[in-house]
Amino acid sequence: MKHELPKAYDFKSTEPRVYALWETGGYFKPWNDPNKKDFDPNVKPFVISIPPPNVTGELHLGHAMFVSVEDLMTRYHRMQGIPTLWVPGSDHAGIATQLMVERHLLKTEEVTREELGREEFVKRTWAWKKKYGSMITNQIRRLGASCDWDRERFTLDDGLSGAVREAFVRLYEKGLIYRGPRLINWSPGLKTAVSDLEVEYGEEEAVLYTFKYMLKDSTEYIPVATVRPETILGDTAVAVHPDDGRYKKYIGQTVIVPVLGRAIPVIADEYVSMDFGSGALKITPGHDPNDYAIAQRHNLPIISVLDEAAKINENGGPYQGQDRFECRAKLWADMKKAGLVIKEEKYLTTIPRSQRGGEIVEPMISTQWFVRIGPLAQAALEAVKDGRIQIVPERFEKVYYNWLENIKDWCISRQLWWGHRIPVWYCENNHMTVARADPSECATCHSKDIHQDDDVLDTWFSSGLWPFSTLGWPDQTPDYKYFYPTSYMETGYDILFFWVARMIMAGLEFTGQVPFQTVYLHGLIRDEHGRKMSKTYGNVIDPLTVMDDFGTDALRFTLLVGATPGNDMNLSVKKVEANRNFANKIWNAGRFVIGAIDSLQPGLSAAEPTLADSWIRAKSQQLVREVGRLFQAFQYGEAGRQIHEFFWSDFADWYVEIAKQQMQNQAAQEQTVITLARTLEMSLRLLHPFTPFVTEELWGHLRRTILDSPIANMAADWPDALIVARWPEARDAGGAEEAILNDFALIQEIVRSIRNVRAEKSVAPSKRIAAVIAAGAQTALLQAQKPVIASLGGVDESQLTIRESLSSKPGDSIALVIGTLEVYIPLAGMVDPAQEKSRLAKELKDARAQIERLEQLLSGDFANKAPAALVGKEREKLAAFRETAEKLEAQWKASKFM
RNA sequence: GGGCGCAUAGCUCAGUUGGUUAGAGCGCUUCUCUUACACAGAAGAGGUCAGGGGUUCGAGUCCCUUUGCGCCCACCA
C-alpha cells in the first residue's frame, strides 16, 4: 500500500486543516485566485449576503441551518465556474446586545448603564464587541462556510453607518420619514418604543372587570367592562352604538370617571358592537389603539396616565407613582368601596408582550420617528407580483402580499444607546437639522448650540440595507457595481417581514433594483418530537457539541437532507449519528478505491466494460441528471437523498462488491479500477456541497494516488482542491441506458433470491423477478452473468446451473439450479393486462408530449436559425414520434376492448 | 375572524409536471468479525399513504369535503 489511510474518518483533525487550506488558498474569493482583481463584466456572478448573526450571539441550530444551505448554494455555483461571492458579517442587534452588556455590567461591576452614562456605556459595549465579536464568526467557520472573510462587515462599521445616514436623509428629504406623537407600543421593561412586529400576542387568562359608569347627578349608570382597570384613569368618553335602545337616551349626556370624578361624555360610534359584553365601551385614547381611532373621529382629548416605566403619572390623581398592576388592584378596591363594582370574572384574552423582554407592552402616546411605508410597500409588492423576485416556497408569496397590503407606518426610533443614532440635530429654537455628516450649527438659524436626537434606529433599519451596504453603497464601488444585485436571499421564514420585506423595500427605494432575485426560506428546527427548543425545556441541541461528537459534515448533511423548504424540521441526535456513519462510509469507500488504484499493475489495457461497469456508469449519469434538475428546483434535500442512496447502495454495496470479483481477473482490472475511480470522483463532486470536509480530504488522497499510478492521465486536469473542481455534467441518455439498468436490476433480484435460497428462507422466486424477466430479459443474459450471480449470491459457480424450458411447457420458465435447490422463474403469462394497459397509456402520453415539444421547437426561431443538419434531425425525431404515437393509439383503442 | 401548513412503517421524516413493486434513517427479527468500513455486510418483518366523495386507463400525488394537530396575520371592551 502506497497510500495508507486511517480506518475511520477522523473529522477532528481533518476539519480545521481543510478549512485553513481553503481560506489561506484564497478559494473563497470570487475568482478562486488571489491575484486576480478585476471583474469581468460579461460574467454574471453568484452572490449571497449572509443573514448577519448578532455580534454577541452564540451559535445555535438556526445558524447551522442557514450556513449549511447557503454554503451548499455557494459551493454548487462555485463548482460551475461562476464567480461566486458570499458576503459575511454580523449585526449589532440593538436591544439584544445592550441587554447582554447591561446584565454583564450589573453582575461584574454592579453598575447600571444609567450610572455609567451613555458615552461610557457605548464604549463598554464596543469593548465587548471587540472581545467577543469574532466568536460567532469563528463558529460559522467551523460549519465550513466558504465566505470571503476579507469582505466581512458589521452594521456599525463606518461604511455601513454612512449607508444608514444616507438612507435616513434620503427618506427624510423625500418626505417618507416623519416625527410626531403617535400611539406606539411601549416596552416598560426596556423603556423604549418597539415596532408592531416586535410585539407578540398570546392567549392568556385574565380577569374581566365590569363596573358602573355613573351618569352625572343620577343613580343611573352604564355598565362597562375592561381587563385593565387602571386605564379608567385615562378615560375620556364612554361609547355606545348609535342604534342601541338601552343606551340611546344617554348619548350626549355626561358620566363620571370613578374616583377621579372627571366628567366625560357619552358618545355614539358604530365601532361598538351591541351584542358584545355590556354593549358599552370605555374610551382610553392614550392607551388603546381602537380608542385612539375613535377619539380622532370624535375630537376627544387624549390623556396619558402611564410614565415610561408604566407607573401612574400625574394624571392618575391619588394613584400617582404606583405601578400599573398595583394601581389596578387599589383602584378596583376603591371602586368596590364606592359601590361601583358589578362583577369580576375569569377571562381568556390576547395579551401583548415584548418579544425581547417578555413583559406586557403598553400602547402609549409618544413622540417617535416613523417611515411612511405605503409607497415603499407598493413597490415591494410589485417586485414579487411581476416575478422580479421569486419566493421559494411559493406559498409565502401570499403571506408576503397580505402583510404588505395591510402594512402600517414603521416606528423606527428606539430609546436605546447601542445603535445608529438618528442623524437629526435640534437647536435651542427647536429647528431640525437632518444631515449626513455631523453638523456644527443649525441649518436654519446657524445656532452653534445644537444637540443630536437621543434615539437610535431600529436594528432592522440597518439590516434592511444589508445586501447593498455591505458592497459599498452609497458609493459606486467596484464591488457594488459588479456584485449587486445579489442572487439568492436565504433565511428563515420567521423573518420574512422583519428583514426580507424591508430589504426589498429598501433595495428598490435606494438602488432602484431588487436586492436579490430569489428568496429561499428554510423552516425552523425543532426537537425530535416537534417541540420548540428552549432552555427551560432543556431540549436544546447545541450544534457545537454535535459537531464535536459527529463532525460538521454529519450535521450539515442532516440539516440539508430531510428538510423541505419552508417546512419545520425535527432534529434528533440519532439522525446526525446516522450521517456520521455516512461520512465514514464515504471515507471507507474512498479508501477501498485508493487501495485498488495502488494495486493496479502497469501495462494492462482496458477491456470491454462489463454489465456492472456499464450499469454503474448509467446510474451515475442518471444521478447527475436528477441532481441537476433537483438543484434547479431548489430541492436540495431530495438531491442529497438520491446521492446518499446512490453512493451507499448502488456504489458501495453493489458495484464495489462486484469490482472485488472483477479485479481477480487481470484482463478486467484496469477497466474496473478506472470505473471505481470515476464513480468515486463523480460522487465526491456531487457530495461536496453537502459534506465538504470528507470529500475535500478524500479528493486530495485520490488525486495524489491516481497521479502516482498507471492511470495518471485521468487526473491530469484535476484541480488541487475539490472546492474548485467542476460540477459533473450529464451526457444525454443513450438508448442503451435503460436496457442496461433493466438487465442489472434482474441480476440484483436473482442474487437476492439465491441468498434467500441459501438461507433456506424461500425457494419461490419473487414476483419481482418474474416481472423483470417478462419485461424482456433473456437466458443469455443470465448465462453471461453467471460468475457475477454466483459470487454475489455466495455460491460456487460450478454449483449454479441455469436451465431453460424446464417445465412441461417449453419456454415457460428459467430455472436456476443451485446444488440441489432450484429457483424457477416463469417467463410467459406474467404480463398483467392492466399493467400493460397502463404502460401503453404512459408511453402514448410521453410520445404526445415529445411531439408537442418538437412541434413547438420547429415552429420557433430554431427552424430558421439553427444549422440545417440539426433541424433535419429534429424533424426526423418528430416523424418517428408521430409514427410511434399512431401505433400506440391503435393499440390503445384495441386494448379498450380487452 | 381571515390565511397557510401538516396528517405516509413502532419513532422521525422523504416522496414537486399523476405512471410499473410507496422509500430512508433509527428501532425490531435472523444470520455474518468475508482481505474499504461492526460508524459494517446479508436477508427479513412492518404501511387500507387520517376518514369520505370525485376526476382519470391509472391518485400518496389533482379537486371537493370531514376530523385532528400546528403556525402566521388581525383592534373586539
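Because the structure is predicted, anything quoted here is derived from the model rather than measured.
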(request) With rounding to the nearest 0.5 Å, note down the distance linking CG in A/Asn185 to SG in A/Cys411. (result) 8.5 Å
(message) I need the A/Asp291 CG to A/Leu300 CG distance, nearest 0.5 Å.
(response) 9.5 Å
(request) Among residues two or more places apart or on two chains, list those pairs meeting side-chain hydrogen bond (donor to acceptor under 3.5 Å, both in side chains) that have a residue in residues 392-403 of chain A. (result) A/Arg395-A/Asn567
(message) Going by side-chain hydrogen bond (donor to acceptor under 3.5 Å, both in side chains), name the pairs with one or both residues in residues 269-283 of chain A, residues two or more places apart or in two chains.
(response)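 Checked against side-chain hydrogen bond (donor to acceptor under 3.5 Å, both in side chains) - neighbours excluded - the pairs reaching residues 269-283 of chain A are A/Thr231-A/Lys282, A/Asp235-A/Lys282, A/Asp269-A/Arg297, A/Asp269-A/His298, A/Tyr271-A/Asn290, A/Lys282-A/Thr284.
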(message) Using heavy-atom distances to pick each residue's nearest nucleotide on RNA chain B, tell me which of A/Arg526 and A/Ala578 is more 5'.
(response)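 Its nearest nucleotide being more 5', the pick is A/Ala578.
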(message) Nearest heavy atom decides the nucleotide; on that basis, is A/Glu645 or A/Ala8 closer to the 5' end of RNA chain B?
(response)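 Result: A/Glu645.
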Distance, [atom1] atom - from [M] to [N], rounded to whole angstrom:
| N | M | atom1 | value |
| --- | --- | --- | --- |
| B/G23 | B/A43 | P | 15 Å |
| B/A50 | B/C6 | P | 12 Å |
| B/G70 | B/G52 | C1' | 24 Å |
| B/G3 | B/G19 | P | 30 Å |
| B/G46 | B/U32 | P | 24 Å |
| B/C26 | B/U65 | P | 41 Å |
| B/A24 | B/G47 | P | 15 Å |
| B/C33 | B/G10 | C1' | 30 Å |

From [options], nucleotide with atom closest to [X] side chain:
| X | options | value |
| --- | --- | --- |
| A/Asp653 | B/G27, B/A36, B/G41 | B/G41 |
| A/Glu638 | B/G15, B/A36, B/C72 | B/G15 |
| A/Arg580 | B/A36, B/C39, B/C76 | B/C39 |
| A/Asn581 | B/A40, B/C26, B/U16 | B/A40 |

Determine the contact category for [X]: base if any of its heavy atoms lies under 4.0 Å from a base atom, sugar-phosphate if only primed atoms, P, OP1 or OP2 are that close, otherwise nothing.
| X | answer |
| --- | --- |
| A/Tyr271 | base |
| A/Tyr347 | sugar-phosphate |
| A/Ser278 | nothing |
| A/Glu657 | base |
| A/Lys585 | base |
| A/Trp648 | sugar-phosphate |
| A/Ala652 | base |
| A/Thr226 | sugar-phosphate |
| A/Asp288 | nothing |
| A/Lys282 | nothing |
| A/Ala633 | nothing |
| A/Val227 | sugar-phosphate |

(message) At less than 4.0 Å, is any side-chain N or O atom of A/Arg752 found next to OP1 or OP2 of B/A43? Yes or no.
(response) yes
(message) It should be established whether A/Arg591 places a side-chain nitrogen or oxygen under 4.0 Å from OP1 or OP2 of nucleotide B/C37.
(response)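 Yes, because at least one side-chain N or O of A/Arg591 sits under 4.0 Å from OP1 or OP2 of B/C37.
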(message) Run the side-chain hydrogen bond (donor to acceptor under 3.5 Å, both in side chains) test against A/Thr679 and tell me which residues pass, sequence neighbours left out.
(response) none
(request) Mind listing the closest non-hydrogen atom pair of A/Leu844 and A/Ala885 along with its distance? (result) CD1-O, 3.6 Å
(request) Would you name the heavy atoms of A/Phe582 and A/Phe557 that are closest together and state the gap between them? (result)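 Nearest pair, atom of A/Phe582 first, then A/Phe557: CE2-CZ, 3.7 Å.
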Expressed as a whole number of angstroms, how long is the span from [X]:[atom1] to [N]:[atom2]?
| X | N | atom1 | atom2 | answer |
| --- | --- | --- | --- | --- |
| A/Asp275 | B/G1 | CG | P | 13 Å |
| A/Tyr636 | B/A14 | OH | P | 17 Å |
| A/Phe582 | B/A40 | CZ | P | 12 Å |
| A/Ile750 | B/A43 | CD1 | C1' | 17 Å |
| A/Lys7 | B/A36 | NZ | P | 10 Å |
| A/Leu792 | B/U34 | CG | P | 18 Å |
| A/Gln642 | B/U16 | CD | P | 11 Å |
| A/Leu524 | B/G70 | CG | P | 16 Å |

(message) I'd like to check the ring pair (Phe, Tyr, Trp, His ring centres under 6.0 Å) partners of A/Tyr520; sequence neighbours left out, ordered by chain and number.
(response) A/Tyr636
(message) Under the rule for ring pair (Phe, Tyr, Trp, His ring centres under 6.0 Å), what residues qualify as partners of A/Phe211, not counting sequence neighbours?
(response) A/Tyr213
(request) Quick one: list whatever passes salt bridge (charged side-chain N to carboxylate O under 4.0 Å, His left out) with A/Glu230, sequence neighbours left out. (result)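 By the salt bridge (charged side-chain N to carboxylate O under 4.0 Å, His left out) rule, A/Glu230 matches A/Arg328.
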(request) Sequence neighbours left out, what passes salt bridge (charged side-chain N to carboxylate O under 4.0 Å, His left out) with A/Asp568? Give chain and number order. (result) A/Arg526
(request) May I ask you to check whether A/Gln669 and A/Thr672 show a side-chain donor-acceptor distance below 3.5 Å? (result)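 No, A/Thr672 and A/Gln669 have no side-chain donor paired with an acceptor closer than 3.5 Å.
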(message) Quick test of your reading: applying salt bridge (charged side-chain N to carboxylate O under 4.0 Å, His left out), list the pairs with at least one residue in residues 628-639 of chain A, sequence neighbours left out, ordered by first then second residue.
(response) A/Glu626-A/Arg629, A/Glu638-A/Arg641
Under 3.5 Å, which N/O atoms of the protein pair with N/O atoms of nucleotides 5-11 of chain B?
none

(request) Identify all stems in which RNA chain B takes part, counting only runs of at least 3 consecutive pairs (Watson-Crick or G-U wobble, each distance under 3.5 Å), and give each as one range with another, ordered by first number. (result)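 Result, WC/G-U stems under 3.5 Å: B:1-7 with B:67-73, B:10-13 with B:23-26, B:28-32 with B:40-44, B:50-54 with B:62-66.
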(request) Within residues 397-407 of chain A, find the residues that approach RNA chain B with a heavy atom at under 4.0 Å, and present them sorted by residue number. (result)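 By residue number: A/Lys398, A/Asn402.
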(message) Test of understanding: with side chain to side chain contact (heavy atoms under 4.5 Å, CB included), list the residues that count as partners of A/Lys660, not counting sequence neighbours.
(response)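 Residues passing side chain to side chain contact (heavy atoms under 4.5 Å, CB included) with A/Lys660: A/Phe592, A/Val656, A/Glu657.
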(message) I need the single residue from A/Trp654, A/Trp648, A/Phe647 that forms a ring pair (Phe, Tyr, Trp, His ring centres under 6.0 Å) with A/Phe651. Which is it?
(response)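 That would be A/Phe647; it is the only one of A/Trp654, A/Trp648, A/Phe647 passing the ring pair (Phe, Tyr, Trp, His ring centres under 6.0 Å) with A/Phe651.
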